[in-house]
Amino acid sequence: MSQDNILRCWPVLAALGVTTVPLLLQLPVWIPLLVLVMLGLRGWMLWAGRALPARWLLLCVLTAAVLVLWLTTKTLVGREGGVALLSLLLGFKAFESASRRDWQVLLALGFFLAGMPLLFDQSPLAAAWLALSLLALTWAMVLLAGAAPKGSLRTAISALLLALPMMLVLFVVMPRLPGPLWSMPHDQKRASTGMSDEMEPGSISQLIQNQEPAFSVVFDGAIPPRPSLYWRMMIFDDFDGRRWQNIRGVTQERMGLSGGDAVNYTLTLRPEKSRLPALEYVEGPSESTRMEPGGVLRLEKEGEELFRYRARSRPQAAYLTDLSLQDQQFYRRLPVGNPQTRLLAERLRLQGGDDAGFVRAALEYFRLGAYRYTLSPPLLDGDEPIDQFLFSTRQGFCEHYASAMAVLARAAGLPARVVVGYQGGEYNPVGRFWQVRSSDAHAWVEVWLPSRQQWLRVDPTAAVAPSRVSEEVTQAIPALAGGGAAGAASANWWRPVRQGWQALSFSWQQWVVGYDASRQQGLYQRLGLGDSVDSAAVTKGVLIGGALACLPLLLLWRRQKGLPPLAEGRARIVGQLARHGIAVRDSDGPLDIINKSRRLPEQEFKQLKRLFKRYSALRYGAAKPDSAQERAWLKEARRFSVTGKHLARGSPPRT
Amino acid sequence: MLPFRKRLSGWFIARLPRESTCTLNQRRIYLLPTRFGLSLIVVALAVWVGALNYAVSLAYALAFWIAALLLVAVLMAYRQLAGLTLSGARSEPVFAGDAASCRIRLSHEQALERRLCLQRADGEGDIVDCALAPAASLDVGIPQVLAWRGAHPYPDLRVWSEAPFGLIRAFAYVRLDGALLAYPMPLADRDRNDHQEGREPSAAPRPTERDEFSHLSEYQQGDTPRQIAWTVLARRDVLVSKRFAGEPAGAGLRVIAWQDYPAGVDVESRLSRLCWRVLQCERSGQSYCLLLPGARIDPRPFQKEAALSALAAYDGGQPA
């Protein structure tokens, strides 16, 4: 193929390549790799001038590839399958593109492809790559339309920048619908970063090292003290001797809160299995959430989209409920085994006296019992894991302590359950929000006190390692904080950077990724566009915003209309002269113009002569254009005007 | 072109006046998305629907960015035509049956480069592609076959541009009031040329020093070096010959007359033969005089053009 074809079509292939790259992280790697190889091969064919392969051959290869795709992902629809299929089809389309129209179709598909990675990732980085893809595609479009390579990048950039304000206005103003048009099958494969469905010592230890943000919280007013930030997420009510899980043994539980001040807050997260964390103890469900027995919040509908909800909790309240005898029985169930633990429970029960006394005695036992908080405890591989932990290894983290405490309480005849969630969080002073990470995951125990009819929160981990609750995990565990002074120093400079980045991603989450119908309505009210997002408000927004967004366009228009300074100044002077009946032809030089203007009033004529003397010097005298001087001259030329009205009425134009 | 589009463009054109110069502005420029532009609109819609369904906020941004880009493309396509001035330039006359080049001058004063296409409005003939530098002017020729002699009006033109993205086509119809002149198609008439004048063209008298200078005319084969106006050649780089007053004197003058043919010969073949004979004389440097009913073209500067134009414009005794 000709040189020109290479110049026009290579950019299209390159732009598609750039667009495909982020899919490497999201799809099975061979699919985007295959697409990239195909694009490269097509580019080589253009360069080598090879003919396109026969259509039946393409069809065969395509069928094979789609078959492999179907065998590996088991689906061709939905998010992953659909995106993979589309990118494969795009790669094959490149082998079918010969005419300019084909390439244009390919490019249009590229714009669609650019949106695909967003289904998986909406981080600021993904947005940056989207902008890069758009630039590449637009540049390819300019070149494909036949522009000269020089200046084509500029055209693409300026067009995108001019479109940017309009995009922002549409982004903010165009109404968002509260729900989807049709529901899509969710991919089950998605890596689960959060909580597991059961608790077996060791399963949370992997989480603690994971610094990934779990959710973020903004408090409306006063922030409760850090030690009382227990984010309740789920409860485990059944113990089989080794592992805790939730078998929903109690389906109804009336919850009453007494005392404590209420706090309002907004929580943002990507729910997993529709679990929502809430500060203990939440008063009731808000919109599109429901309350499950055990005081945990759940999302009404399944969904993995970013979700934001407001809640109202009373952290200092007492959780009152009256358990039926049957329920009490359920919460006391304990498999046989762990004899030493049972003995210890008896002893503590006697030591403490009543039920509250037992809890106190148990916590005291943990505090003084030479237990050590560690993230890498020895394995509990014996037949009696609780005995092994309490009496021989004595090392563990929240899971171990919570599990042991719950078993102790049950052995002592008190209803008890394990609560799993998060504890604490990190306050971000830049973004003024609380960031809770996977590493803040925590497990604690609730013991039901018959005397008070209350579920009492008991956190044995806090008794062993008080700093785990009052500070962050990284501080509580020396190994995580980094050893020695060097580690501390590096943490010092690193912290503001990290917090800045977090604040950025928080606002990103809040205002870009999480910009939904409710947020839009709030913004409409704040901007004074209207109380709700109705057609009148949207029209108003589009009109006002559109007008603002067009300002850069106007500026561009005015700027590009301008001629070089000398030409513009000459045109201005000629225009002035024409208004007063002196016609100047394009071919007239400075001397001709001066000659024609002899009938101007004295002063103006002198000015004109001066102007054109400098014009000649600048235009013809200078070896090299002096733009500063030229602009100065233009400024002067703009001031030239013929004021005398008598001239206009005087002699008719001489042409 | 589809019949519907033909009718539509016919309607556009019928509304336009003929004008010698036309500067395109918002009243003349039409903007429509190209097929590529339409497909990108579809893509933007698809991305938007996807954003809606998956609640992907950034996909909204992508959809709106594409939409905004289309709007910017509309403006940029409009700018490709806005402020462009078209006027008829001097078009060389041709002989009937030949393709004339209908010269159009494109000019503008804006500081942007334009990429333009021109074609006859009826969609026939080649598309002329051109690039216009900032604040410059350019002459382009639209090929047009002139089937018969006489003055032909300039064809109705369509000028368009899809630059810079190929998404939006800006187009305008233009009717310029210039004329293309077609001389009669020459028809060999060797007998009459030879039997009237017994002399060979090569025997034409050579000018002498004493002859009085009359005018300059285009160099023709056979002109002696002494006839060539060397000063003009040096100054303007064109080859012209001096003609002298004494040259066509007396017997040298050949008369080419309408009356040379019997009454039965029809007008067009008469004119074609006369045309051939004029050309023959011009080629051989023979001086001649063309006699038409109501007109007489004697030797004079640009006699060839005058004679051929008279033949082209002949309309039954009342030459224009």
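So that the names make sense, note that chain A is the first sequence line, chain B the second, and so on, each numbered from 1.
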Which value, rounded to the nearest 0.5 Å, describes the distance between Arg79(B) atom CZ and Leu553(A) atom CG? 9.5 Å
Region of Leu71(B) in contact with chain A, defined by heavy-atom distances below 4.5 Å: side chain
Any side-chain heavy-atom pair from Leu167(B) and Met141(A) closer than 4.5 angstrom? yes
Verify the neighbour count for atom OH of Tyr30(B): are there more than 12 heavy atoms of other residues, nucleotides or ligands below 6.0 Å? yes
Can you confirm whether more than 12 heavy atoms, excluding those of Arg308(A), are under 6.0 Å from its CZ atom? yes
Per-residue tally against chain B (heavy atom, under 4.5 Å) across Met166(A), Gln104(A), Met174(A) peaks at Gln104(A)
Give a yes or no on this: more than 12 heavy atoms of other residues, nucleotides or ligands lie within 6.0 Å of atom CH2 of Trp48(B). no
With only heavy atoms counted, which part of Trp508(A) is less than 4.5 Å from chain B, the side chain, the backbone, both or neither? side chain
Quick one: of Val43(B), Val42(B), Thr34(B), who has the most non-hydrogen atom pairs under 4.5 Å with chain A? Val43(B)
For Leu52(B), does its backbone N or O pair with a side-chain atom of Arg176(A) as donor and acceptor, under 3.5 Å? no
So which of Val142(A), Val105(A), Leu160(A) has the biggest tally of heavy-atom pairs under 4.5 Å with chain B? Leu160(A)
Using a cut-off of 6.0 Å, state whether more than 12 heavy atoms not belonging to Leu233(B) lie near its atom CG. yes
Report the distance from atom CG of Leu106(A) to atom OG of Ser39(B), rounding to the nearest 0.5 Å. 11.0 Å
Closest non-hydrogen contact found for Met167(A) with Ala61(B) is CG-O, 3.4 Å
Honestly, the part of Leu69(B) sitting under 4.5 Å from a heavy atom of chain A is both
So, the part of Ala163(B) with a heavy atom under 4.5 Å from chain A: the answer is neither
Note: Pro164(B) and Ala145(A) closest approach over all heavy atoms is O-CB, 3.5 Å
Flag the pair Trp65(B) / Leu168(A) as yes when at least one side-chain heavy-atom distance between them is below 4.5 Å, and no otherwise. no
Residue from Leu58(B), Ile66(B), Leu70(B) scoring the most non-hydrogen pairs under 4.5 Å with chain A is Leu58(B)
Heavy atoms from other residues, nucleotides or ligands near CZ of Arg35(B) exceed 12 (cutoff 6.0 Å): no
Is the NZ or CZ atom of Arg101(A) both under 6.0 Å from the centre of the six-membered ring of Phe36(B) and within 45° of that ring's axis? no
Might you point out which heavy atoms bring Leu118(A) and Val56(B) nearest each other, and give the distance in Å? O-CG1, 3.5 Å
Would you say Trp103(A) has more than 12 foreign heavy atoms packed within less than 6.0 Å of its CH2? yes
Option that, when pairs with chain B are counted at under 4.5 Å, heavy atom only, ranks first among Leu119(A), Thr155(A), Leu144(A): Leu119(A)
Are the side chain of Ser57(B) and the backbone of Val512(A) linked by a donor-acceptor contact shorter than 3.5 Å? yes
